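First the proteins, then the strands, lettered A, B, ... as listed; each starts at 1. Just so it is clear, the structure is predicted and the values come from calculations on it, not from any experiment.
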Amino acid sequence: MSINLIIAEKADAGRRIAYILSEKNMHQKKSKNISYIEFDDNGEKNIMVALSGHIVESDFPESFKDWIKSDLDKLIDSEIVYNIKNKKASDALQSFNDIKRVIIATDYDREGELIGVESLKFLKNYTEVKRAKFSALTNQEIKDAFKNLIDVNYGLADSARAREEIDLLWGAVLTRFFSVTSNRLWKDFISVGRVQTPTLALIVKREEEIQNFIPEKYYQISVKFNKKIDFTARYEKDIKDKSEAESIFNDINNRDGTVKSYDREEKEVYKPVPFSTTEFLREASRLGITPSNAMKVAEKLYMSGLISYPRTDNTVYQRSIPLKSIAEKFLKSDYENEAKLVINQERIIPSRGKIETTDHPPIYPVNLPQKPLNGAYKTVYDLIVRRFLATLYKNARIESSRAEIEINGHIFVATGQRILDPGWYEIYKFRKLNEIRLPELKSGESVSGREWNLEEKETEPPKRYDIASLLKMMESLNLGTKSTRHDIIQKLNDRNFATGNPVRPTPLGIGFIKSVTSIDSDIAKPDMTAKLEKEMDEIAENKKNEIDVVNESRLMLHEVLKNFRSNRDSIKETITEYANKGEVIGKCPIDNGDISVIKYRNFEKIKCSNDECKINFNISGTPLIQLTDKKCPVCGLPLIKIIRRGQSPEIRCIDPECSYNKNTYGKCPSDGGDLIIRQSRYGKRFLGCSNYPKCTVTYPLPQKGIINSTGEVCPYCGAPLLLLINGKRRWKFCPNIKCEYNRKDKGEKAKE
DNA sequence: GCAAGGTC
């Protein structure tokens, strides 16, 4: 009997589609590692195979494996092979015989079209291929899509393949060129790509703006007035010239003012729009959750059926989403009060964002958790629920007021803000609406001055991108996609190009961008993506042919490579110079030189810029090293923090010779390791075994005072005895707080 | 070992 074969992009979507089409009458089948869903529909037998994204991946033939021996011009002209990367999916597709109709039901977007077309290669036979076009996994949408099947858009799939091949060609060729040229290979390779390199360039450019920024002085004059309450008015503009500022200040100092005008108006503060991935990650990042982490958590919440699909650009709820009944679910939850506000409205009118796409809905909660959530799961879910309810509630209303007050011919402005109706702020507690008090004033009345201030200020350099603003910038420049942007930022971290939040470039990142921009090519600019997008559209509309576009790109790459080659020496020099510079973490407390951390493959060097200085030592591994503002209790120099993945930070004195570092506070009674001071993630110090994570022995410590080792071992429990010096107090104690030693009576202790 | 794009 012949079958219809339906192909979905992911397990979840496949299950959902089968569920809808089969009217809940479907059967999960599994044989020899091949799993699929079977169901009947109008007397026809249907098989649903769910993929997991792309089945194949582009690569170069084996003969180009060696980076040093491969000729890059030959690499550019090489054929591109496609390797299977999801064997399970390809096996499943190959296992069916006698397929009548293939229905591609992947996400309705460019990559979805390619994923569908990729899968055709693995089918033994079929008589017809169709495409299901749906924008959400709802009953109506899916049924309509399968009733009105359309043709596959092979041009669209071709355009996605052109994108893939061009990315591989430029990425691999330039990655290899820069890595081999600067002799940074294997783990230390220099990675180049259409999205990551322009993103890094943004970060570096901002850093340069900050470095080159010259602050300018300016002056602000303000007056504190009183009418029943105090309020402040500021001179109408900032003043650049000091003598001008002083002359105005002299004119007004110690004088009262006269109200020239007073206006009030009611304004609405619009509620937020539904969550796209980018906006969600930005908000999560404000709550201290990194995008990578937020994405991981969101994926888990999605897989456990608590939220909708977390990868979406859409900011408009489709009509098919039952907004009200979802809000009603929260009536019986911790969100009872918030849900009530939403439900009790006469009408629920959801907010809408600017971007409306058809592949997925915005992110919204679909269910309540069975068990209470914890940690980041709780935070992310809370964010998504509150955002959802806020988009369904009402705008806030404020009254804003503005007064102009004259003193001796100079105009001062005071503003006020009063909350009339907090609206959505009651639900979305991540934002606060401030009140600024300004009394009701009448034109012509005089107000008495209380305080007259002239302040000198300095203009400030532009701010570094934080992860949230970087994501937004990438989105507006069309760099990356909703699914990849956060990965790209992570990649820049992993490759030692950029670090932290706010994001700073590393010396290597700066050096690399300097050398890659020594030649005018598009690889460090967002233009390359813009051009590619245009060409992809032309391929999709059959105005251009995929092969021609890729070949044109190859010719350009030959040219770009030629130019880079002619700069080989300076590229090598620049990258080496910057990579060896290390990152400055602060000023040397001894001679005021720069303290840098230089990263190597297996260790890091901490060094003062003054070569004679004793601050010059290595630390094993590749931990994050920070200079703290705390002083060493032994010698008074600053302490450094050494942060290793999965461990509590180790605290050391920056002076490698200081006895603070040699003080290991005794041996671990469990395995004989050294007991060292570490810091918990809440900033509390404690004693831990140096063999962590193999050994998990820890002891709490008093948070104040200097801890000294005594060289003695507790006779009761074997832990080392410690001496606490806090001002004049000295206290010998066992760090094992439950230990009998600490219960000894005072008389006995005094004797010791 | 290279990119960026899917998804887990």
Side-chain angles (χ1 to χ4, degrees), chain A residues 7-14 50-62 64-70 72 75-76 78 80 82-83 85-86 88-89 106-119 157 159-181 184-200 277 292 295-304 309-312 359-360 474 478-492 494-495 523 528-529 532-533 536 550 553 557 601:
Chain A
I7 295 165
E9 188 156 324
K10 45 191 167 275
D12 193 77
L51 310 173
S52 175
H54 286 285
I55 313 168
V56 292
E57 184 176 35
S58 58
D59 201 353
F60 295 107
E62 277 285 301
F64 287 102
K65 233 182 142 179
D66 190 314
W67 284 25
I68 295 178
K69 285 183 189 146
S70 300
L72 289 181
L75 189 66
I76 296 174
S78 158
I80 290 173
Y82 281 86
N83 299 326
K85 67 174 205 174
N86 186 348
K88 230 175 133 179
T106 48
D107 291 356
Y108 194 66
D109 55 26
R110 189 161 58 208
E111 294 295 327
E113 205 76 7
L114 176 57
I115 291 168
V117 170
E118 269 170 17
S119 64
S159 75
R161 202 178 306 106
R163 196 272 313 143
E164 182 173 7
E165 299 193 347
I166 289 171
D167 279 342
L168 174 66
L169 283 165
W170 285 72
V173 168
L174 295 179
T175 295
R176 288 179 181 209
F177 172 78
F178 276 88
S179 301
V180 173
T181 298
R184 292 183 68 97
L185 296 162
W186 302 104
K187 231 183 99 196
D188 295 330
F189 75 93
I190 304 262
S191 143
V192 188
R194 171 179 56 86
V195 179
Q196 55 169 292
T197 306
T199 304
L200 177 59
T277 304
S292 303
M295 213 54 217
K296 245 183 250 161
V297 170
E299 243 152 45
K300 288 245 172 77
L301 291 175
Y302 162 68
M303 295 307 286
S304 37
Y309 190 61
R311 284 185 277 262
T312 177
D359 48 351
H360 299 290
M474 289 174 77
N478 205 8
L479 289 172
T481 72
K482 63 205 180 221
S483 319
T484 59
R485 270 175 217 127
H486 67 276
D487 281 339
I488 299 276
I489 298 176
Q490 186 62 44
K491 216 176 245 182
L492 293 177
D494 296 344
R495 307 263 155 94
I523 191 68
M528 179 144 176
T529 296
L532 190 59
E533 280 292 336
M536 284 201 283
V550 175
S553 186
L557 181 54
R601 205 182 296 177

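- Residues A:Phe189 and A:Lys482 each lie close to DNA chain B; by heavy-atom proximity, the contact nearer the 5' end of the strand is made by A:Phe189.
- Within 4.0 Å (heavy atoms only), A:Arg485 reaches no atom of the nucleic acid at all.
- Looking at heavy-atom distances under 4.0 Å, A:Asp107 makes contact with sugar-phosphate atoms alone, never a base.
- As judged by a 4.0 angstrom heavy-atom cut-off over every strand, A:Tyr309 is placed among residues touching the sugar-phosphate backbone only.
- Remark: A:Glu118 engages A:His54 in a side-chain hydrogen bond (donor to acceptor under 3.5 Å, both in side chains) (not counting sequence neighbours).
- By the side-chain hydrogen bond (donor to acceptor under 3.5 Å, both in side chains) test, A:Ser191 pairs with A:Gln196, A:Arg495, sequence neighbours left out.
- With hydrogens and angles ignored, the 3.5 Å screen pairs no side-chain donor or acceptor of A:Ser70 with any backbone N or O of A:Trp67.
- With a cutoff of under 4.0 Å to any heavy atom of chain A, the contacted region of DNA chain B is bounded 5' to 3' by B:dG1 to B:dC8.
- Of all the residues in residues 174-181 of chain A, A:Thr175, A:Arg176 reach under 4.0 Å from DNA chain B with at least one non-hydrogen atom.
- Annotation: side-chain hydrogen bond (donor to acceptor under 3.5 Å, both in side chains) contacts of A:Thr199 (sequence neighbours excluded): none.
- By the side chain to side chain contact (heavy atoms under 4.5 Å, CB included) test, A:Ser304 is found to be paired with A:Leu306, residues two or more places apart in sequence or in another chain being considered.
- Within the 4.0 angstrom heavy-atom criterion, no nucleotide atom of any strand lies near A:Lys88.
- Using a 4.0 Å heavy-atom cutoff across all strands shown, A:Val173 reaches no nucleic acid atom at all.
- Residues forming a ring pair (Phe, Tyr, Trp, His ring centres under 6.0 Å) with A:His360 (at least two apart in sequence, or on another chain): A:Tyr309.
- Within the nucleic acid shown, A:Arg110 has no heavy atom closer than 4.0 Å to any nucleic acid atom.
- Applying the salt bridge (Lys or Arg N to Asp or Glu O under 4.0 Å) test to every pair with at least one member in residues 480-489 of chain A, sequence neighbours left out, gives these pairs: A:Asp359-A:Lys482.
- In this structure, A:Asp487 and A:Glu164 both approach DNA chain B, and ranking their closest nucleotides by distance from the 5' end singles out A:Glu164.
- Checked against side-chain hydrogen bond (donor to acceptor under 3.5 Å, both in side chains), A:Asp167 has the following partners two or more places apart in sequence or in another chain: A:Arg163, A:Arg194.
- Counting any heavy atom pair closer than 4.0 Å across all strands shown, A:Trp170 reaches no nucleic acid atom.
- In this structure, A:Glu9 reaches the sugar-phosphate backbone alone: every heavy-atom distance under 4.0 Å involves primed, P, OP1 or OP2 atoms, never a base.
- A:Ser191 comes within 4.0 angstrom of the backbone, heavy atoms only, and of no base.
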